[in-house]
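For reference, the structure discussed in these notes is given below.
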Amino acid sequence: MKIILVDDHSLVLDGIKKLLEEDDMLEVLDTQGNVPDAIRSIDKHKPELVITDYSMGDDDGLGLIQKTRRLYPDMKFIMLSMHDEAHLVKEVLKEGVNGYVLKKDTKEELLEAIYAVRAGKMYLSNDINAMLVKSLYEPDEGKLLTAREREVLHLIAKEYSNKQIAEELFISERTVETHRKNIFRKTKTNTIVGLIKFAYANNLI
């Protein structure tokens, strides 16, 4: 199976590439660290499978899937991410991703996902399956923003920087950036002023 890997951490890319190349049935055609370069590589190599991270600087794996799907509707995708939030996973699954594996999962689980997708099946890691089942019983399910996104939004309204938000909520700046992107996407706003107006109009803060 011909594969392209996309992740903005070179150590992660090197590790996954080495793992996959130990399998004679798998061939890594290329590795890329951002979405624009990944799209160019996909267009050049036409892989059967793309394994991508979610968070990558100013863009994300979901955007990569959306853009590539329009050009190659039959291409297969596995999301390999640290993010296990229910709303985010569901959003990715809606785009027709073929598999979702967490970076904390074992290498055996990643290989299992690849072979399942190769056989035309969908693969969700054990932790993702458990999270999705749990989300069915969450009282906040269905609301526009999650509790964590509302916390981030509240601090954005106070003009906190990503670094300050990360320190306040004890999360990484990358996670803050992911929440920020999701908030803008869900509220269909693209400026801080527009976001704050929307938030007050809809009692989000």
Side-chain angles (χ1 to χ4, degrees), residues 1-86 88-93 95-132 166 171-178 181:
M1 191 174 201
K2 300 182 184 299
I3 301 169
I4 284 180
L5 306 175
V6 188
D7 195 298
D8 62 347
H9 288 92
S10 58
L11 285 176
V12 173
L13 283 176
D14 292 343
I16 299 173
K17 181 180 180 182
K18 184 177 180 180
L19 166 66
L20 299 188
E21 288 180 338
E22 292 175 356
D23 190 317
D24 293 336
M25 299 296 291
L26 306 177
E27 180 184 358
V28 178
L29 300 175
D30 195 16
T31 62
Q32 293 294 339
N34 60 69
V35 171
D37 287 344
I39 291 175
R40 282 189 284 271
S41 180
I42 290 168
D43 191 49
K44 176 181 177 182
H45 295 288
K46 309 292 192 301
E48 298 169 80
L49 171 66
V50 177
I51 300 176
T52 179
D53 189 9
Y54 182 89
S55 300
M56 289 181 288
D58 295 331
D59 215 327
D60 56 45
L62 181 60
L64 171 62
I65 293 170
Q66 291 169 332
K67 293 168 185 174
T68 308
R69 276 272 187 231
R70 291 196 289 268
L71 300 173
Y72 307 104
D74 296 327
M75 195 168 289
K76 299 183 185 300
F77 294 87
I78 290 177
M79 184 71 76
L80 180 62
S81 175
M82 62 177 281
H83 295 289
D84 60 357
E85 299 95 330
L88 190 151
V89 174
K90 289 177 181 178
E91 192 168 0
V92 171
L93 293 178
E95 292 300 324
V97 71
N98 305 93
Y100 201 115
V101 180
L102 295 173
K103 287 187 174 179
K104 66 180 181 180
D105 290 327
T106 64
K107 62 181 182 181
E108 288 79 15
E109 192 147 26
L110 176 58
L111 290 172
E112 188 177 344
I114 292 171
Y115 276 95
V117 169
R118 184 186 181 200
K121 301 175 183 178
M122 173 179 281
Y123 186 93
L124 302 178
S125 71
N126 291 329
D127 284 350
I128 291 296
N129 270 316
M131 177 275 300
L132 289 174
I171 57 179
S172 71
E173 286 188 58
R174 285 172 60 85
T175 301
V176 173
E177 184 59 35
T178 296
K181 289 178 183 176

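Being a predicted model, the structure only gives us computed values, none of them experimental. Residue numbers start at 1 and run along the sequence shown. The basis for the numbers below is simple: all heavy atoms, side chains too, and nothing from hydrogens, waters or symmetry mates.
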Side chain Asn98, main chain Met122, donor-acceptor under 3.5 Å: no
Evaluate side-chain contact (heavy atoms from CB on, under 4.5 Å) for Ser55 paired with Glu177, printing each intermediate quantity in order. CA-CA 9 Å; Ser55 300; Glu177 184 59 35; over 6 Å; no
Is there a side-chain contact between Tyr123 and Val101, using heavy atoms and a 4.5 Å cut-off? yes
With sequence neighbours left out, what residues match Glu91 under salt bridge (charged side-chain N to carboxylate O under 4.0 Å, His left out)? Arg185
Distance check, rounded to the nearest 0.5 Å: Lys76 atom NZ versus Ile65 atom CD1? 13.5 Å
Please name all residues satisfying side chain to side chain contact (heavy atoms under 4.5 Å, CB included) with Met131, sequence neighbours left out, ordered by chain then number. Ala86, Val89, Ile128
Rounded to the nearest 0.5 Å, what separates atom CG in Asn34 from atom CG in Asp8? 8.5 Å
Note, Ile51 side chain near Ile114 side chain (heavy atom, < 4.5 Å): yes
What's the separation between atom OG1 in Thr52 and atom CG in Leu80, rounded to the nearest 0.5 Å? 9.0 Å
Return the minimal non-hydrogen interatomic distance between Ser172 and Ala166, and the atom names on each side. C-CB, 3.9 Å
Are Lys2 and Glu48 close enough for a salt bridge, meaning some N to O gap below 4.0 Å? no
Nearest heavy-atom pair of Leu102 and Ser125: which atoms, and what distance? N-OG, 4.2 Å
When you compare the side chain of Val6 with that of Asp53, does any pair of heavy atoms fall below 4.5 Å? no
Min side-chain heavy-atom separation Phe77-Val117 under 4.5 Å: no
Quick check for you: to the nearest 0.5 Å, what is the distance between Thr31 atom OG1 and Ile3 atom CD1? 12.5 Å
Would Leu111 and Leu26 count as a side-chain contact (heavy atoms from CB on, under 4.5 Å) here? Give the steps. CA-CA 10 Å; Leu111 290 172; Leu26 306 177; 3.9 Å; yes
Quick one, Asp105 and Leu110 - any side-chain contact, counting heavy atoms below 4.5 Å? no
So does Met1 get a backbone contact from the side chain of Arg118, meaning a donor-acceptor N/O pair under 3.5 Å? no
Taking side chain as C-beta onward, heavy atoms only, is Asp60 less than 4.5 Å from Thr178? no
Would you say the side-chain atoms of Ser41 pair up with the backbone N or O of Asp37, donor to acceptor, closer than 3.5 Å? no
Report all side-chain donor-acceptor pairs from residues 9-24 shorter than 3.5 Å, counting only partners two or more places apart or in another chain.
residue, atom, partner, partner atom, Å
Asp23, OD1, Met25, N, 2.8
Asp23, OD1, Tyr115, OH, 3.0
Asp23, OD2, Tyr115, OH, 2.8

Within the structure provided, determine whether Arg174 and Tyr54 are in side-chain contact (heavy-atom separation under 4.5 Å). no
Between Ala38 and Leu64, which heavy-atom pair has the shortest distance, and what is it? CB-CD1, 4.1 Å
Step-by-step side-chain contact (heavy atoms from CB on, under 4.5 Å) determination, Lys104 to Asp127: CA-CA 10 Å; Lys104 66 180 181 180; Asp127 284 350; 3.2 Å; yes
When Glu95 is tested against each of Met79, Arg69, Gln66 for side-chain contact (heavy atoms from CB on, under 4.5 Å), which residue passes? Gln66
Step by step, work out the salt bridge (charged side-chain N to carboxylate O under 4.0 Å, His left out) result for Asp30 and Lys44. CA-CA 10 Å; Asp30 195 16; Lys44 176 181 177 182; over 6 Å; no
Looking at side-chain heavy atoms only, is the closest gap between Leu124 and Leu132 below 4.5 Å? yes
Gln32 side chain vs Ile4 backbone, donor-acceptor pair below 3.5 Å: no
